[in-house]
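Notes for the one structure printed next.
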Protein chains: 2
Amino acid sequence: MSRSGAINPVPRPVPSDAALPSSSETEEIDFEVIELLFFAYRDFTSDPDAILDTSGFGRAHHRVVHFVNREPGLTVAALLETLKITKQSLARVLKQLIDSGYITQVAGPEDRRQRRLYPTERGRELALALARPQSRRIANAFQGMDENGRAVVKAFLSGMINPARTDASDKTG
Amino acid sequence: MSRSGAINPVPRPVPSDAALPSSSETEEIDFEVIELLFFAYRDFTSDPDAILDTSGFGRAHHRVVHFVNREPGLTVAALLETLKITKQSLARVLKQLIDSGYITQVAGPEDRRQRRLYPTERGRELALALARPQSRRIANAFQGMDENGRAVVKAFLSGMINPARTDASDKTG
DNA sequence: AAATTATGTCAACATAGCTGACATATTCGA
DNA sequence: TCGAATATGTCAGCTATGTTGACATAATTT
(Lines give C-alpha, C1' and ligand atoms only; values in the text may rest on other atoms or scores of the structure.)
Protein backbone atom coordinates (compact mmCIF):
# COMPACT_ATOMS: atom_id res chain seq x y z
CA MET A 1 0.00 0.00 0.00
CA SER A 2 2.75 2.31 -0.69
CA ARG A 3 1.64 5.38 -2.53
CA SER A 4 -2.07 5.08 -2.74
CA GLY A 5 -2.40 6.21 0.85
CA ALA A 6 -5.69 6.31 2.72
CA ILE A 7 -7.20 2.89 2.84
CA ASN A 8 -10.13 3.33 5.14
CA PRO A 9 -8.07 3.32 8.28
CA VAL A 10 -11.21 3.47 10.32
CA PRO A 11 -11.85 0.18 12.06
CA ARG A 12 -15.54 0.48 11.55
CA PRO A 13 -17.29 -2.71 12.51
CA VAL A 14 -18.03 -4.01 9.07
CA PRO A 15 -19.97 -2.15 6.37
CA SER A 16 -23.58 -2.29 7.32
CA ASP A 17 -24.79 -5.54 6.05
CA ALA A 18 -28.03 -4.95 7.82
CA ALA A 19 -30.07 -3.73 4.90
CA LEU A 20 -30.93 -7.00 3.21
CA PRO A 21 -33.10 -6.48 0.12
CA SER A 22 -35.46 -9.02 1.58
CA SER A 23 -38.19 -8.27 -0.91
CA SER A 24 -39.59 -11.45 -2.36
CA GLU A 25 -36.08 -12.80 -2.40
CA THR A 26 -36.97 -16.23 -1.24
CA GLU A 27 -34.38 -17.44 -3.66
CA GLU A 28 -32.07 -19.83 -1.97
CA ILE A 29 -28.80 -19.86 -3.80
CA ASP A 30 -27.06 -23.18 -3.42
CA PHE A 31 -23.69 -21.75 -2.51
CA GLU A 32 -22.67 -25.00 -0.93
CA VAL A 33 -22.81 -27.08 -4.09
CA ILE A 34 -21.46 -24.21 -6.17
CA GLU A 35 -18.35 -24.26 -4.05
CA LEU A 36 -18.13 -28.02 -3.88
CA LEU A 37 -18.06 -28.06 -7.65
CA PHE A 38 -15.39 -25.40 -7.78
CA PHE A 39 -13.08 -27.13 -5.34
CA ALA A 40 -13.78 -30.60 -6.67
CA TYR A 41 -12.94 -29.61 -10.21
CA ARG A 42 -9.91 -27.62 -9.19
CA ASP A 43 -8.40 -30.59 -7.40
CA PHE A 44 -9.59 -33.01 -10.05
CA THR A 45 -7.56 -31.20 -12.69
CA SER A 46 -4.53 -30.73 -10.46
CA ASP A 47 -3.64 -34.40 -10.76
CA PRO A 48 -2.90 -34.50 -14.47
CA ASP A 49 -1.52 -30.98 -14.34
CA ALA A 50 1.31 -32.20 -12.16
CA ILE A 51 2.20 -34.86 -14.73
CA LEU A 52 1.86 -32.47 -17.65
CA ASP A 53 4.27 -30.09 -15.98
CA THR A 54 7.03 -32.63 -16.36
CA SER A 55 6.26 -33.33 -20.01
CA GLY A 56 5.94 -29.79 -21.30
CA PHE A 57 2.31 -30.06 -22.26
CA GLY A 58 -0.63 -28.19 -20.79
CA ARG A 59 -4.23 -28.79 -19.99
CA ALA A 60 -5.24 -28.10 -23.57
CA HIS A 61 -3.05 -30.95 -24.78
CA HIS A 62 -4.60 -33.15 -22.17
CA ARG A 63 -8.08 -32.58 -23.49
CA VAL A 64 -7.10 -33.25 -27.06
CA VAL A 65 -5.23 -36.45 -26.26
CA HIS A 66 -8.06 -37.57 -24.08
CA PHE A 67 -10.82 -37.21 -26.63
CA VAL A 68 -8.79 -38.52 -29.52
CA ASN A 69 -7.96 -41.54 -27.44
CA ARG A 70 -11.54 -42.01 -26.45
CA GLU A 71 -12.85 -41.67 -29.96
CA PRO A 72 -10.20 -42.70 -32.45
CA GLY A 73 -10.89 -41.44 -35.94
CA LEU A 74 -12.49 -38.28 -34.67
CA THR A 75 -12.63 -35.50 -37.22
CA VAL A 76 -11.21 -32.08 -36.45
CA ALA A 77 -14.66 -30.57 -36.66
CA ALA A 78 -16.06 -33.03 -34.16
CA LEU A 79 -13.22 -32.34 -31.78
CA LEU A 80 -13.84 -28.61 -32.03
CA GLU A 81 -17.51 -29.22 -31.32
CA THR A 82 -16.65 -31.28 -28.26
CA LEU A 83 -14.15 -28.85 -26.84
CA LYS A 84 -16.09 -25.79 -27.91
CA ILE A 85 -13.02 -23.87 -28.92
CA THR A 86 -11.95 -22.37 -32.24
CA LYS A 87 -9.85 -24.15 -34.78
CA GLN A 88 -7.08 -21.61 -34.27
CA SER A 89 -6.89 -22.52 -30.62
CA LEU A 90 -6.88 -26.18 -31.41
CA ALA A 91 -4.31 -25.79 -34.17
CA ARG A 92 -1.46 -24.93 -31.84
CA VAL A 93 -1.79 -27.81 -29.45
CA LEU A 94 -2.79 -30.30 -32.12
CA LYS A 95 0.28 -29.45 -34.17
CA GLN A 96 2.51 -29.99 -31.16
CA LEU A 97 0.90 -33.31 -30.42
CA ILE A 98 1.28 -34.45 -34.00
CA ASP A 99 4.87 -33.23 -34.27
CA SER A 100 5.76 -35.03 -31.06
CA GLY A 101 4.20 -38.25 -32.22
CA TYR A 102 1.24 -38.51 -29.91
CA ILE A 103 -1.42 -38.18 -32.57
CA THR A 104 -1.57 -39.00 -36.27
CA GLN A 105 -3.85 -37.81 -39.00
CA VAL A 106 -5.44 -39.88 -41.71
CA ALA A 107 -7.44 -38.55 -44.61
CA GLY A 108 -11.07 -39.54 -44.28
CA PRO A 109 -11.90 -42.69 -46.24
CA GLU A 110 -15.08 -41.22 -47.63
CA ASP A 111 -14.45 -37.51 -47.44
CA ARG A 112 -10.80 -36.90 -48.12
CA ARG A 113 -10.97 -33.33 -46.89
CA GLN A 114 -11.30 -34.63 -43.39
CA ARG A 115 -8.32 -35.31 -41.18
CA ARG A 116 -9.31 -38.11 -38.90
CA LEU A 117 -7.33 -38.16 -35.70
CA TYR A 118 -5.84 -41.23 -34.09
CA PRO A 119 -3.68 -41.63 -31.03
CA THR A 120 -0.33 -43.33 -31.46
CA GLU A 121 0.76 -45.92 -28.95
CA ARG A 122 2.56 -43.14 -27.13
CA GLY A 123 -0.57 -41.03 -27.26
CA ARG A 124 -2.56 -43.82 -25.74
CA GLU A 125 -0.03 -44.18 -22.97
CA LEU A 126 -0.14 -40.49 -22.21
CA ALA A 127 -3.92 -40.41 -22.15
CA LEU A 128 -3.90 -43.33 -19.78
CA ALA A 129 -1.26 -41.86 -17.52
CA LEU A 130 -3.29 -38.68 -17.23
CA ALA A 131 -6.57 -40.44 -16.67
CA ARG A 132 -5.20 -42.78 -14.03
CA PRO A 133 -4.93 -40.38 -11.09
CA GLN A 134 -8.27 -38.82 -11.97
CA SER A 135 -9.89 -42.21 -12.02
CA ARG A 136 -8.30 -43.02 -8.69
CA ARG A 137 -9.69 -39.84 -7.22
CA ILE A 138 -13.14 -40.68 -8.49
CA ALA A 139 -12.94 -44.21 -7.14
CA ASN A 140 -11.93 -42.76 -3.82
CA ALA A 141 -14.87 -40.39 -3.79
CA PHE A 142 -17.14 -43.32 -4.61
CA GLN A 143 -15.83 -45.26 -1.64
CA GLY A 144 -18.61 -46.70 0.42
CA MET A 145 -21.31 -45.97 -2.11
CA ASP A 146 -23.34 -48.76 -3.56
CA GLU A 147 -24.20 -49.00 -7.23
CA ASN A 148 -27.30 -46.96 -6.67
CA GLY A 149 -25.39 -44.12 -5.07
CA ARG A 150 -22.99 -44.04 -7.97
CA ALA A 151 -25.86 -43.95 -10.39
CA VAL A 152 -27.27 -40.97 -8.53
CA VAL A 153 -23.98 -39.13 -8.85
CA LYS A 154 -23.79 -39.83 -12.56
CA ALA A 155 -27.37 -38.71 -13.01
CA PHE A 156 -26.58 -35.48 -11.24
CA LEU A 157 -23.55 -34.80 -13.39
CA SER A 158 -25.49 -35.62 -16.53
CA GLY A 159 -28.18 -33.25 -15.43
CA MET A 160 -25.63 -30.48 -15.16
CA ILE A 161 -24.75 -30.77 -18.82
CA ASN A 162 -26.45 -28.76 -21.53
CA PRO A 163 -28.64 -30.78 -23.84
CA ALA A 164 -26.79 -31.51 -27.05
CA ARG A 165 -27.40 -29.00 -29.75
CA THR A 166 -28.64 -30.61 -32.92
CA ASP A 167 -28.17 -27.39 -34.79
CA ALA A 168 -24.64 -27.78 -36.14
CA SER A 169 -24.08 -24.10 -36.77
CA ASP A 170 -20.81 -22.72 -37.92
CA LYS A 171 -18.08 -22.20 -35.38
CA THR A 172 -15.08 -22.17 -37.64
CA GLY A 173 -14.52 -18.44 -37.62
CA MET B 1 1.78 -24.90 -14.36
CA SER B 2 4.77 -24.83 -16.49
CA ARG B 3 7.32 -22.31 -17.24
CA SER B 4 8.81 -24.98 -19.39
CA GLY B 5 9.21 -22.80 -22.44
CA ALA B 6 10.47 -25.15 -25.13
CA ILE B 7 7.94 -26.12 -27.68
CA ASN B 8 8.35 -29.70 -28.77
CA PRO B 9 7.95 -31.33 -25.46
CA VAL B 10 10.28 -34.04 -24.42
CA PRO B 11 8.85 -37.27 -25.69
CA ARG B 12 9.52 -39.22 -22.56
CA PRO B 13 6.41 -41.11 -21.62
CA VAL B 14 5.84 -39.49 -18.28
CA PRO B 15 7.25 -40.57 -14.93
CA SER B 16 7.49 -44.05 -13.61
CA ASP B 17 3.78 -44.39 -13.64
CA ALA B 18 3.35 -44.83 -17.34
CA ALA B 19 5.05 -47.87 -18.70
CA LEU B 20 2.97 -50.57 -17.09
CA PRO B 21 4.31 -53.91 -18.26
CA SER B 22 0.74 -54.84 -18.91
CA SER B 23 1.00 -57.31 -16.10
CA SER B 24 -2.12 -56.88 -14.06
CA GLU B 25 -3.84 -54.50 -16.43
CA THR B 26 -7.12 -54.89 -14.72
CA GLU B 27 -7.17 -51.18 -14.25
CA GLU B 28 -10.50 -49.84 -15.24
CA ILE B 29 -10.22 -46.18 -15.94
CA ASP B 30 -13.48 -44.43 -15.21
CA PHE B 31 -13.61 -42.47 -18.44
CA GLU B 32 -17.32 -42.02 -18.09
CA VAL B 33 -17.20 -39.97 -14.92
CA ILE B 34 -14.05 -38.18 -16.04
CA GLU B 35 -15.97 -36.89 -19.03
CA LEU B 36 -19.12 -36.17 -17.09
CA LEU B 37 -17.08 -33.94 -14.82
CA PHE B 38 -15.48 -32.18 -17.76
CA PHE B 39 -18.74 -31.43 -19.51
CA ALA B 40 -20.63 -30.64 -16.33
CA TYR B 41 -18.07 -28.12 -15.21
CA ARG B 42 -17.71 -26.60 -18.64
CA ASP B 43 -21.42 -25.92 -18.88
CA PHE B 44 -21.63 -24.94 -15.23
CA THR B 45 -19.18 -22.11 -15.81
CA SER B 46 -20.68 -21.06 -19.10
CA ASP B 47 -23.69 -19.55 -17.34
CA PRO B 48 -21.87 -16.81 -15.45
CA ASP B 49 -19.41 -16.39 -18.29
CA ALA B 50 -22.21 -15.14 -20.49
CA ILE B 51 -23.11 -12.50 -17.92
CA LEU B 52 -19.52 -11.51 -17.31
CA ASP B 53 -19.03 -11.00 -21.01
CA THR B 54 -21.41 -8.09 -20.93
CA SER B 55 -19.79 -6.47 -17.90
CA GLY B 56 -16.19 -6.60 -18.95
CA PHE B 57 -15.11 -8.92 -16.20
CA GLY B 58 -13.82 -12.45 -16.47
CA ARG B 59 -13.94 -15.68 -14.62
CA ALA B 60 -11.20 -14.57 -12.29
CA HIS B 61 -13.31 -11.63 -11.15
CA HIS B 62 -16.18 -13.98 -10.61
CA ARG B 63 -14.23 -16.10 -8.19
CA VAL B 64 -13.03 -13.14 -6.20
CA VAL B 65 -16.45 -11.56 -5.91
CA HIS B 66 -17.92 -14.89 -5.02
CA PHE B 67 -15.62 -15.69 -2.14
CA VAL B 68 -15.56 -12.17 -0.78
CA ASN B 69 -19.32 -12.19 -0.80
CA ARG B 70 -19.43 -15.55 0.85
CA GLU B 71 -16.95 -14.64 3.54
CA PRO B 72 -17.00 -10.91 4.13
CA GLY B 73 -13.94 -9.66 5.95
CA LEU B 74 -11.73 -12.22 4.25
CA THR B 75 -8.05 -11.31 4.31
CA VAL B 76 -6.04 -11.19 1.13
CA ALA B 77 -3.92 -14.10 2.33
CA ALA B 78 -6.97 -16.24 2.98
CA LEU B 79 -8.34 -15.46 -0.44
CA LEU B 80 -5.06 -16.45 -2.06
CA GLU B 81 -5.10 -19.70 -0.12
CA THR B 82 -8.64 -20.42 -1.28
CA LEU B 83 -8.01 -19.66 -4.91
CA LYS B 84 -4.52 -21.11 -4.91
CA ILE B 85 -3.13 -18.42 -7.11
CA THR B 86 -0.33 -15.92 -6.53
CA LYS B 87 -0.87 -12.47 -5.16
CA GLN B 88 0.29 -10.96 -8.42
CA SER B 89 -2.47 -12.74 -10.25
CA LEU B 90 -4.99 -11.66 -7.70
CA ALA B 91 -3.74 -8.08 -7.68
CA ARG B 92 -4.96 -7.29 -11.16
CA VAL B 93 -8.50 -8.45 -10.80
CA LEU B 94 -8.84 -7.28 -7.22
CA LYS B 95 -7.70 -3.80 -8.17
CA GLN B 96 -10.28 -3.66 -10.94
CA LEU B 97 -13.02 -4.81 -8.63
CA ILE B 98 -12.07 -2.22 -6.02
CA ASP B 99 -11.73 0.56 -8.57
CA SER B 100 -15.14 -0.28 -10.00
CA GLY B 101 -16.76 -0.27 -6.60
CA TYR B 102 -17.57 -3.94 -6.18
CA ILE B 103 -15.26 -4.59 -3.26
CA THR B 104 -13.87 -2.42 -0.47
CA GLN B 105 -10.92 -2.87 1.79
CA VAL B 106 -10.79 -2.20 5.50
CA ALA B 107 -7.68 -2.33 7.63
CA GLY B 108 -7.84 -5.26 10.02
CA PRO B 109 -9.17 -4.30 13.43
CA GLU B 110 -6.54 -6.28 15.26
CA ASP B 111 -3.77 -6.51 12.73
CA ARG B 112 -3.76 -3.31 10.77
CA ARG B 113 -1.48 -4.74 8.12
CA GLN B 114 -4.35 -6.80 6.87
CA ARG B 115 -6.76 -5.58 4.23
CA ARG B 116 -10.02 -7.22 4.97
CA LEU B 117 -12.22 -7.51 1.93
CA TYR B 118 -15.92 -6.70 1.83
CA PRO B 119 -18.40 -6.71 -0.99
CA THR B 120 -20.27 -3.48 -1.63
CA GLU B 121 -23.96 -3.60 -2.32
CA ARG B 122 -23.10 -3.68 -5.95
CA GLY B 123 -20.64 -6.49 -5.32
CA ARG B 124 -23.30 -8.48 -3.55
CA GLU B 125 -25.64 -7.99 -6.44
CA LEU B 126 -23.06 -9.14 -8.93
CA ALA B 127 -22.20 -12.20 -6.88
CA LEU B 128 -25.85 -13.06 -6.67
CA ALA B 129 -26.49 -12.50 -10.35
CA LEU B 130 -23.64 -14.83 -11.20
CA ALA B 131 -24.63 -17.48 -8.68
CA ARG B 132 -28.26 -17.50 -9.71
CA PRO B 133 -28.01 -19.40 -13.00
CA GLN B 134 -25.53 -21.81 -11.49
CA SER B 135 -27.86 -22.51 -8.63
CA ARG B 136 -30.70 -23.03 -11.05
CA ARG B 137 -28.65 -25.51 -12.99
CA ILE B 138 -27.84 -27.39 -9.82
CA ALA B 139 -31.47 -27.41 -8.74
CA ASN B 140 -32.37 -28.78 -12.11
CA ALA B 141 -29.81 -31.55 -11.87
CA PHE B 142 -31.20 -32.39 -8.44
CA GLN B 143 -34.69 -32.74 -9.86
CA GLY B 144 -36.34 -35.89 -8.71
CA MET B 145 -33.76 -36.72 -6.10
CA ASP B 146 -34.72 -37.07 -2.49
CA GLU B 147 -32.69 -35.61 0.33
CA ASN B 148 -30.67 -38.74 0.54
CA GLY B 149 -29.72 -38.60 -3.11
CA ARG B 150 -28.59 -35.02 -2.73
CA ALA B 151 -26.54 -35.97 0.27
CA VAL B 152 -24.83 -38.65 -1.79
CA VAL B 153 -23.95 -36.14 -4.47
CA LYS B 154 -22.48 -33.75 -1.93
CA ALA B 155 -20.54 -36.56 -0.32
CA PHE B 156 -19.12 -37.48 -3.68
CA LEU B 157 -18.06 -33.93 -4.46
CA SER B 158 -16.55 -33.56 -1.01
CA GLY B 159 -14.66 -36.76 -1.54
CA MET B 160 -13.15 -35.32 -4.70
CA ILE B 161 -11.56 -32.47 -2.81
CA ASN B 162 -8.07 -32.64 -1.39
CA PRO B 163 -7.91 -32.72 2.37
CA ALA B 164 -7.17 -29.27 3.70
CA ARG B 165 -3.53 -28.61 4.19
CA THR B 166 -2.76 -27.54 7.73
CA ASP B 167 0.69 -26.59 6.66
CA ALA B 168 0.25 -22.90 5.80
CA SER B 169 3.44 -22.68 3.78
CA ASP B 170 4.51 -19.64 1.89
CA LYS B 171 2.92 -18.99 -1.46
CA THR B 172 3.53 -15.31 -1.75
CA GLY B 173 6.48 -15.49 -4.14
C1' DA C 1 16.14 -2.12 17.06
C1' DA C 2 15.85 -5.97 14.03
C1' DA C 3 13.30 -9.48 11.94
C1' DT C 4 9.11 -11.05 10.22
C1' DT C 5 4.65 -10.58 8.21
C1' DA C 6 0.83 -8.76 5.17
C1' DT C 7 0.27 -6.49 1.37
C1' DG C 8 1.32 -3.94 -2.85
C1' DT C 9 3.72 -3.23 -7.21
C1' DC C 10 6.93 -3.35 -11.30
C1' DA C 11 8.61 -6.14 -15.02
C1' DA C 12 8.72 -9.99 -17.85
C1' DC C 13 6.87 -14.11 -19.50
C1' DA C 14 3.71 -18.51 -20.74
C1' DT C 15 -0.60 -20.70 -21.86
C1' DA C 16 -4.65 -20.89 -24.00
C1' DG C 17 -8.41 -18.68 -25.36
C1' DC C 18 -10.24 -15.14 -29.22
C1' DT C 19 -11.16 -12.58 -34.06
C1' DG C 20 -10.14 -11.70 -38.81
C1' DA C 21 -8.30 -12.84 -43.11
C1' DC C 22 -6.85 -15.79 -46.45
C1' DA C 23 -5.10 -20.48 -48.71
C1' DT C 24 -5.82 -25.27 -50.33
C1' DA C 25 -8.01 -29.42 -51.36
C1' DT C 26 -12.12 -31.73 -51.95
C1' DT C 27 -16.93 -32.43 -52.52
C1' DC C 28 -21.45 -31.16 -53.97
C1' DG C 29 -25.09 -29.06 -56.56
C1' DA C 30 -27.07 -26.75 -60.46
C1' DT D 1 -18.45 -29.38 -65.73
C1' DC D 2 -17.93 -25.41 -63.17
C1' DG D 3 -18.71 -22.66 -59.25
C1' DA D 4 -20.10 -22.74 -54.44
C1' DA D 5 -19.68 -24.82 -50.18
C1' DT D 6 -17.01 -27.44 -46.91
C1' DA D 7 -12.98 -29.22 -44.04
C1' DT D 8 -8.93 -27.92 -42.72
C1' DG D 9 -4.71 -25.15 -42.22
C1' DT D 10 -2.24 -20.95 -41.20
C1' DC D 11 -0.64 -16.06 -40.40
C1' DA D 12 -1.05 -12.08 -37.41
C1' DG D 13 -2.36 -9.94 -33.48
C1' DC D 14 -5.10 -9.39 -29.21
C1' DT D 15 -6.87 -10.68 -24.35
C1' DA D 16 -7.32 -13.02 -19.92
C1' DT D 17 -5.18 -15.19 -16.46
C1' DG D 18 -1.77 -17.60 -14.69
C1' DT D 19 3.61 -17.69 -13.40
C1' DT D 20 8.59 -15.84 -11.22
C1' DG D 21 11.56 -12.60 -9.31
C1' DA D 22 12.62 -8.53 -7.04
C1' DC D 23 11.72 -4.88 -4.23
C1' DA D 24 8.79 -1.35 -1.19
C1' DT D 25 6.04 -0.07 2.90
C1' DA D 26 3.63 -0.43 7.10
C1' DA D 27 2.70 -2.91 11.10
C1' DT D 28 3.70 -6.52 14.35
C1' DT D 29 6.71 -9.55 16.90
C1' DT D 30 10.86 -10.83 19.13
Side-chain angles (χ1 to χ4, degrees), chain A residues 1-9 11 42 45-46 49 52-53 55-64 74-81 83-99 103 105-117 168-173, chain B residues 1-7 9 42 45-46 49 52-53 55-64 74-81 83-99 103 105-117 168-173:
Chain A
M1 32 254 65
S2 35
R3 65 223 59 189
S4 51
I7 297 254
N8 276 333
R42 186 196 59 185
T45 54
S46 72
D49 280 356
L52 290 159
D53 256 6
S55 74
F57 286 141
R59 207 174 286 184
H61 302 84
H62 179 187
R63 292 176 189 144
V64 172
L74 203 62
T75 66
V76 170
L79 184 52
L80 290 177
E81 209 1 66
L83 299 175
K84 297 217 198 300
I85 60 175
T86 61
K87 65 176 174 178
Q88 297 90 331
S89 291
L90 175 61
R92 265 188 304 234
V93 303
L94 183 53
K95 191 174 197 312
Q96 293 171 351
L97 287 168
I98 290 170
D99 290 350
I103 288 180
Q105 293 178 309
V106 176
E110 304 201 346
D111 187 336
R112 295 177 45 76
R113 291 170 303 179
Q114 295 176 340
R115 296 288 172 266
R116 310 203 85 117
L117 305 172
S169 74
D170 180 45
K171 192 183 176 66
T172 51
Chain B
M1 235 105 318
S2 80
R3 83 238 71 243
S4 37
I7 316 289
R42 186 196 59 185
T45 54
S46 73
D49 279 357
L52 290 159
D53 260 4
S55 75
F57 287 139
R59 206 174 286 185
H61 302 85
H62 179 189
R63 291 176 189 144
V64 172
L74 203 63
T75 65
V76 170
L79 184 52
L80 291 177
E81 208 2 66
L83 299 174
K84 297 218 199 299
I85 60 175
T86 61
K87 64 176 175 180
Q88 295 93 330
S89 292
L90 175 61
R92 264 186 309 232
V93 302
L94 182 54
K95 192 173 195 312
Q96 293 172 349
L97 287 168
I98 290 170
D99 290 349
I103 288 180
Q105 294 177 309
V106 177
E110 303 200 346
D111 186 337
R112 294 175 48 75
R113 289 170 305 181
Q114 294 177 342
R115 295 292 172 263
R116 310 202 85 118
L117 305 172
S169 74
D170 180 45
K171 191 183 175 68
T172 51

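Chain A is the first sequence line, chain B the second, and so forth, proteins listed ahead of strands; every chain is numbered from 1.
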Expressed in angstrom and rounded to an integer, what is the separation of [X] atom [atom1] from [N] atom [atom2]?
X: B:Arg42; N: C:dG17; atom1: CZ; atom2: P; answer: 12 Å
X: A:Glu110; N: C:dT26; atom1: CD; atom2: C1'; answer: 14 Å
X: A:Leu83; N: D:dT8; atom1: CG; atom2: C1'; answer: 16 Å
X: B:Leu80; N: C:dT5; atom1: CG; atom2: C1'; answer: 14 Å
X: B:Gln96; N: D:dG18; atom1: CD; atom2: C1'; answer: 14 Å
X: B:Gln105; N: D:dA27; atom1: CD; atom2: P; answer: 14 Å
X: B:Arg116; N: D:dA27; atom1: CZ; atom2: C1'; answer: 15 Å
X: B:Lys95; N: C:dG8; atom1: NZ; atom2: C1'; answer: 10 Å

Check whether any side-chain heavy atom of [X] lies under 4.5 Å from a side-chain heavy atom of [Y], and answer yes or no.
X: B:Asp49; Y: B:Asp53; result: no
X: B:Arg116; Y: B:Gln105; result: no
X: B:Val64; Y: B:Leu117; result: no
X: B:Gln114; Y: B:Val76; result: no

For this session: Check step by step if side-chain contact (heavy atoms from CB on, under 4.5 Å) holds for A:Thr45 and A:Arg59.
Result: CA-CA 8 Å; A:Thr45 54; A:Arg59 207 174 286 184; 3.6 Å; yes
Checking contacts here: which listed nucleotide ([options]) is nearest the side-chain heavy atoms of [X]?
X: A:Arg63; options: D:dT10, C:dG17, C:dT7; result: C:dG17
X: B:Ala91; options: D:dA27, C:dT9, D:dT17; result: C:dT9
X: A:Gln88; options: C:dT7, C:dT19, C:dT26; result: C:dT19

For this session: For C:dT15, take OP1 and OP2 only and decide whether either is under 4.0 Å from a side-chain N or O of A:His61.
Result: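 A:His61 to C:dT15 OP1/OP2: no side-chain N or O under 4.0 Å.
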Problem set entry | Donor-acceptor pair under 3.5 Å, B:Lys87 side chain vs C:dG8 base |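 Result: at least one qualifying N/O pair found.
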Exercise. Could one point to a donor on the side chain of B:Arg113 or the base of C:dT5 with an acceptor on the other under 3.5 Å away?
Worked result: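 Yes, a donor-acceptor pair under 3.5 Å.
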Exercise. Hey, which of these two, B:Gln114 or B:Arg92, hits DNA chain C nearer its 5' end, going by closest nucleotide?
Worked result: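 It is B:Gln114 whose nearest nucleotide is closer to the 5' end.
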Exercise. DNA chain C: A:Arg115 or A:Ser89, which has the more 5' nearest nucleotide?
Worked result: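 Going by which nucleotide is closer to the 5' end, it is A:Ser89.
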